[in-house]
Amino acid sequence: MSNVETLPGRGGFGRLFGRMATTVRLSLSKLSREPLGMVGFIVLAVLVIVAIFAPWIAPYSPTAQNLPQALQAPSWAHWAGTDEFGRDILSRLIHGTRITIQTVLAVTLIVGPVGLIVGVVAGFVGGRTDAILMRATDIVLSFPSLIPALAFAAAMGAGLQTAIIAISLTGWPPIARLARAEALVVRNTDYVAAARLYGASPLRILFLYIAPMCIPSVVVRLTLNMAGIILTAAALGFLGLGAQPPAPEWGAMISNGRKFMLDYWWVAVMPGPAILITSLAFNLVGDALRDLLDPRHVRS
Amino acid sequence: MIEVENLEVAFGKGDDRKQVVKSVSFKVAKGETLGIVGESGCGKSTVLRSLAGLDRHWTGRIALAGQDVAKERTKQQFELAQMVFQDPYGSIHPRHRIERVLAELLRAMQRGEGWDRVVPALERVGLPAAFAERFPHELSGGQRQRVAIARALMLAPQILLLDEPTSALDVSVQAEVLNLLSDLREEQQLTYVLVSHDLSVIAHMCDRVLVMKEGVFVDELTPEAFRGGEITQAYSKTLFEASFL
Amino acid sequence: MKEFNFKELGQRFVQLLVSLFILLLVTFVIGRVLPTDPVGAIVGELADPAAFEAMRQRLGLDLPLYQQFWIYVTSLLHGDMGTAILTGNPVTQDLASAFPATLELATLAVIISTVVGVPLGMAAALYRDTLIDQIARVISLVGHSIPVFWFGIVGLVIFYAGLSRVGGPGRVDIYLEGLVEPRTGLLLVDSLLAGDMEVFWNAVSHIILPACIPAYSAMAYITRMTRSFTLEQLNQDYVTAARQGRVLGGHCHRAYPAQYFGAAGDHSRHFLWQPAGRRGGHRDRVLSARYRPIHDQCADDWRHECRARLDADHWPDLHAAQFRGGPRLCLP
């Protein structure tokens, strides 16, 4: 249509960009009143930058062995000390952010859409579909998250991909539950009734009316879940089921350091703060996002 | 314009079965405004939702514009009657801009993009074109209800079903919205069914009033009788007195 | 409070049985489909084919899968959890030997987390948005974010290796092992019953660190929940009225127990006791295909979960409500 461009409300990318800029500016000003959340965002930003530029930031190679330098205590040359092969622990931690961020993103990208779709469909369609989907969700939820991971690793061989799949397998049910609860509320609103009155198809209602209403809480939930994903991924690494040596996976580094923990404490201890800070940052950001995206929620 | 015969609505099954509407029949002529009054829970909203096609638990016969409609409506049948809901805060999608709210009808009906119809629709209900870009939460209650009316008129229906259209609004805004509805009716030859428990609204708007109690109509009144207080039926009288005294 | 509804309870029970069955099926399938070879693990890679086949028959691995599953389920129902394929001990015996220690550890951890978490959460709610609230928030956030296995190592490095303030691996020092007659299996109780204070304090020094560490994670949840429930109750008028003259403890606490059970259920998996120094043992065991115990431990874990969920009544609704309300009562 040719006259579309002249009408208000329709515009190209310029307008869209302007709208997004406004939204971002508003969010930032809200965020500035939430100092802890701001700290979380900054830490995450730093982590992402570190992950991207790891090879340029890290002072040493994460995998090159240097046996004469083995098990050195933290010093100016090696801020976090060296491990039993003389590898610089700080450099390994810096490269490890890549593995962590990669795991978190991959799991989130699997778990988010799957949980959202399962939950929204269950909540919207109701009846038998709902019963079956929720039963399945309950059963998956009742698996302690490490058990399928253990079985999986045994079946497919340990590795980062196995860990990602295993975490995803048990990660979607909470999202599905949440999306379903939201969908149940949205399904009965008048605006969905109005949409029925103008003949909107179920799919249209599902994707244009119900799903968008569930997304903010799902995003908040996913962010908070990321904290848990990091811990689970590190736990799998610790058990030797995550990324395999010599990849600098944080959990595996802790596990590895256990052998010398009484004499050379830094090998086991140093990766801990990295996990703690990352997980904490996701928790802080999740809390802040909840305040931003979920207007009904009063922080408690 | 509207013919209803032996409409019955019941929810639930077995022991939980509750008959909300018990065999009601009525007709509404073209251009007429029919009021339905009654206490909350008497079944008046259910009648309206059955007319609109939202409730599918009814039996009996409903005809809109001389055409019998089934429980599942076709798109053409949806175009005959649209509904304005009570709460303008809940009846507009909170994350859609007004332009999208209005254009959605045409898009859902697969009648083109619909963006070009947004501004005329806003102007028809007395809102500036600039509102198209706003979100519902940036509008007042009265403005939102105008948007809801604009939306209901988008498909050019002949019948508008009004479910307590002003009860969620401030008193000062109520009059404006009612006047808008009156004007639109004149301009576009609309037929209204107005459900309310507010007798002054009913008296102001309606050509004919049905009094509903526990799922049946117990009385039919003219607005003159209403305004003059010439009411004979006992229940209508209680309702009337409770409202005006 | 909701009326007690027997019909609903019945429905839930049926649901529970169905879930349990499917869970058993899934764990069974995972266990059997694994390409690891339990027979090879027992008789050795180089055993002759006859011995190999004999062991296969003894383990019932030559039967069709559905028959193996039937045997698995029926023997479970008879209380026979089978024999751990690798150690040759009955699984019930393995579980029984670990159970008292697990119970002791879990109980202590629950006590510690509650005793610290509830007052902290209440203080945070009462002094909302003050320094106290912020400190409580940071403490509980760190508790959410800390990797337990690392925290344990740090604890050992500092308090055992560095300061020698706590005992290390094991339930007591080796020279004290077996001195107390095991009556309940709970070493703390047994040593008190025997009046042997040396063993008691030694056991305390061994259990305090392993109990405190998971307790901290649990405490993080409890503090958060207590805070939000207290706030909720504070916002209700009757407490506002009562607050003029009375302490709020009695008022607020009626609503709590169900949710606490939920939290305890969540954390029960942290408390699973394993002989010290074998925390990583899980992996070795799976990889060597000692898989019966895994099933059973898994089912056991799961029972914990279900019980907690039944207690927490209407879990799904609670779940949604609590997301809005603040604390996150959910499985990680």
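Chain naming here is simple, since letters A, B, ... match the order of the sequence lines and numbering starts at 1 in each.
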Inset, instruction - For each of A:Ile277, A:Ile229, A:Leu231, tally heavy-atom pairs with chain C at distances under 4.5 Å, and name the one with the top tally. - result: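 Most heavy-atom pairs within the cutoff with chain C belong to A:Leu231.
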Under 4.5 Å from any heavy atom of chain C, what part of [X] do you find: side chain, backbone, both or neither?
X	value
A:Ala235	both
A:Ile230	neither
A:Pro273	both

Legend entry - Ring center gap for C:Phe69 and C:Phe21 short of 6.0 angstrom: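 Ring-ring flag for C:Phe69/C:Phe21: true, centres closer than 6.0 Å.
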Legend entry - Salt bridge A:Arg258-A:Asp83, side-chain N to carboxylate O under 4.0 Å: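 No, this pair does not count.
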Legend entry - A:Val125 vs A:Asp130 side-chain heavy atoms within contact, under 4.5 Å: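 Not touching, per the 4.5 Å side-chain cut-off.
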Inset, instruction - State, yes or no, whether a side-chain contact exists between C:Leu120 and C:Ile222 at a heavy-atom distance under 4.5 Å. - result: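 No, their side chains stay 4.5 Å or more apart.
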